[in-house]
**Q** 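The structure that follows is given in the form of structure tokens.
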Protein chains: 2
Amino acid sequence: MHTLMIADDHPLFRDAIAAVIDAGLPGSRLLQADSLAEVLRQAEAFEALDLLLLDLGLPDAEGLSGLQALREALPWLPVVIVSAKQERHTILEAIDLGAVGYIPKSTPREALLAALAGILEGRIYLPPDIMRRPPATRPTPPPADLSPHLATLTAKQLEVLARLSRGASNKLIARELDIAETTVKTHVSAILRKLGVASRVQAILVADQADLATRLAQHRQDRLDA
Amino acid sequence: MHTLMIADDHPLFRDAIAAVIDAGLPGSRLLQADSLAEVLRQAEAFEALDLLLLDLGLPDAEGLSGLQALREALPWLPVVIVSAKQERHTILEAIDLGAVGYIPKSTPREALLAALAGILEGRIYLPPDIMRRPPATRPTPPPADLSPHLATLTAKQLEVLARLSRGASNKLIARELDIAETTVKTHVSAILRKLGVASRVQAILVADQADLATRLAQHRQDRLDA
DNA sequence: TTGAGCCTCCTACCGAAGGAGGAGGCCCTC
DNA sequence: GAGGGCCTCCTCCTTCGGTAGGAGGCTCAA
């Protein structure tokens, strides 16, 4: 027997959700709220609240700021977002802010009930259909867009860059690679020029944005293959 | 009947996982790999692969870069991270990169099996114990665990560190904060001393490991609250 | 009121970083 | 065999980064 609260400013939607829960999770007690203020007010009265279903469009809590405020005010209260928004980014941000789940309003009732049941048992729910297909639209940009530059680095330059990324000084790199420090400087200069940056720090930022490790492994692999 | 692959460079750990899966998900076919290269090689042979259990410590794929590379190379392959790391930040980043789940190595075997079963049915798994308590326990542990040092930085020092992390020079930081370059140097020196490192580059590495952004937001929030 | 902590700025000094330019050796390709 | 690319190393020079030490002003708490 659980106590749930539905926070949404559309009475019709609240009723619809309530009907689904009544049918699917019989015996649950249901509270309703149409604003963040109302949530806070009622939550103080009902200590035994198990879960809040929070819409992201409340009049006094636009977007995720409402969730953030709630997490600060009532950290003990598990909150699941119920929203029409379906962006991966929003979903992850909600989880980052401490939501225990994110349910798109387009979710069919069976899936919704299963999600709520899982959450009440302590699990986290994310919409699989949205979360399981990100790379479809993103695979190309990182390698191609972020740094066509990295591809132009020679093997030795990549080795040097890898050590730069670990915070090594020119002197240390020289020792590690068993070459002169002046040679290291030559490599570093070439790296900076190719990456179009002005300092080793910026080179590092470019490098790990462009996933240096992968590229390095690739390079080493190529060498082994050859 | 599913086909799973375990990618971890520790044979003992692979065997341990294999044993758990054998017992808990009987009939599953299990493949093993000790490097990212090996995963790619085998994945081409076994088209019917249903799930990859990926460790974050592979020799040729440090951290999440390996996941990213995998998602690009084999977007159709569902990947669940199995790692000793337990930072919320890492977990969310993994999901953002398209992982279908994140299982800490400390997860008890029953929970592990349940997680895998859920994932094979199309759900997303996040460790509830970690994800469900951010505001309550998060303020303390990161400061305490990852770097007791960062907590000792003053507000101004954090501002400077944030700019260091963007690759800014002392001169630029001075302009941005509208203070003298010598003052910036004073701050930088203090930061290096407190973090126990020898150069700005290393300070940056410590900073982003310890989730500087979060801490900075926290600090700014505190200031607003006051 | 005194002191502690922080921010500010300074001088002086030194080593690290980076640019410019040149040079020899190696390997590969045309 | 003549070039091109890469790695190696050098000198000379400038700028940047970082330390040491001192000093004044501020706020807050004892």
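This one's a predicted model, so the numbers in the text were calculated from it and none came from an experiment. Note on naming: letters A, B, ... go to the chains in the order of the sequence lines (proteins, then strands), and numbering restarts at 1 for each one.
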**Q** Check each residue of residues 170-183 of chain A for a non-hydrogen atom within less than 4.0 Å of any atom in DNA chain C, then write out the ones that pass by number, or none.
**A**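 Hits under 4.0 Å, by residue number: N170(A), K171(A).
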**Q** Return the value, rounded to whole Å, for the distance between atom NZ of K156(A) and atom C1' of dT8(D).
**A**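 It is 9 Å, rounded to the nearest whole Å.
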**Q** List the residues meeting side-chain hydrogen bond (donor to acceptor under 3.5 Å, both in side chains) with N170(A), not counting sequence neighbours, and say none if there are none.
**A**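 side-chain hydrogen bond (donor to acceptor under 3.5 Å, both in side chains) list for N170(A), sorted by chain: R200(A).
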**Q** Using the test side-chain hydrogen bond (donor to acceptor under 3.5 Å, both in side chains), find all partners of E38(A) that sit at least two apart in sequence or belong to another chain.
**A** R41(A), Q42(A)
**Q** As a quick check of understanding, evaluate side chain to side chain contact (heavy atoms under 4.5 Å, CB included) for L54(B) and L70(B), giving each step before the final call.
**A** CA-CA 10 Å; L54(B) 178 68; L70(B) 253 168; 3.8 Å; yes
**Q** Checking T90(B) now: which residues fulfil side-chain contact (heavy atoms from CB on, under 4.5 Å) with it, not counting sequence neighbours?
**A**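 Residues passing side-chain contact (heavy atoms from CB on, under 4.5 Å) with T90(B): L56(B), L64(B), K85(B), E87(B), Y102(B).
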**Q** Identify all pairs in which a protein N or O lies below 3.5 Å from an N or O of nucleotides 19-25 of chain D, and state each distance.
**A**
from, atom 1, to, atom 2, distance (Å)
dT19(D), OP2, S189(B), OG, 2.6

**Q** Over the length of the helix from dT1(C)-dA30(D) to dC30(C)-dG1(D), how much do the five-pair end axes diverge, rounded to 10 degrees?
**A** 30°
**Q** Listed by chain and number, what are the salt bridge (charged side-chain N to carboxylate O under 4.0 Å, His left out) partners of R166(A), not counting sequence neighbours?
**A** E176(A)
**Q** Just to verify, what does A190(A) make a side-chain contact (heavy atoms from CB on, under 4.5 Å) with, not counting sequence neighbours?
**A**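 Here the qualifying residues are Q157(A), R193(A).
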**Q** Holding to salt bridge (charged side-chain N to carboxylate O under 4.0 Å, His left out), I want the full list of residues that pass it with D34(B), two or more places apart in sequence or in another chain.
**A**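 Residues passing salt bridge (charged side-chain N to carboxylate O under 4.0 Å, His left out) with D34(B): none at all.
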**Q** Once you round it to whole Å, what is the distance between P of dG18(D) and CG of L161(B)?
**A** 12 Å
**Q** Go through the structure and list residues passing salt bridge (charged side-chain N to carboxylate O under 4.0 Å, His left out) with D9(B), not counting sequence neighbours.
**A**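 Salt bridge (charged side-chain N to carboxylate O under 4.0 Å, His left out) list for D9(B), sorted by chain: empty.
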**Q** Between R163(B) (CZ) and dG17(D) (C1'), how many Å, whole number?
**A**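 Rounding to the nearest Å, CZ of R163(B) and C1' of dG17(D) are 19 Å apart.
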**Q** If only side-chain N and O atoms of H187(A) are considered, is one of them under 4.0 Å from the OP1 or OP2 phosphate oxygen of dT8(D)?
**A** yes
**Q** Nearest whole angstrom, please: distance from the P of dG18(C) to the CZ of R200(B).
**A** 10 Å
**Q** Between K156(A) and H187(A), is any pair of side-chain heavy atoms under 4.5 Å apart?
**A** yes
**Q** Suppose we screen for side-chain contact (heavy atoms from CB on, under 4.5 Å). Which residues come up paired with A180(A), at least two apart in sequence or across chains?
**A**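 Only T182(A), T183(A) meet the side-chain contact (heavy atoms from CB on, under 4.5 Å) criterion with A180(A).
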**Q** May I have the distance from E159(A) (atom CD) to dC6(D) (atom P), rounded to whole angstrom?
**A**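 Interatomic distance, CD of E159(A) to P of dC6(D): 16 Å.
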**Q** So, using side-chain hydrogen bond (donor to acceptor under 3.5 Å, both in side chains) as the criterion, who are the partners of Q32(B) when residues are at least two apart?
**A**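 Result, side-chain hydrogen bond (donor to acceptor under 3.5 Å, both in side chains) vs Q32(B): R14(B).
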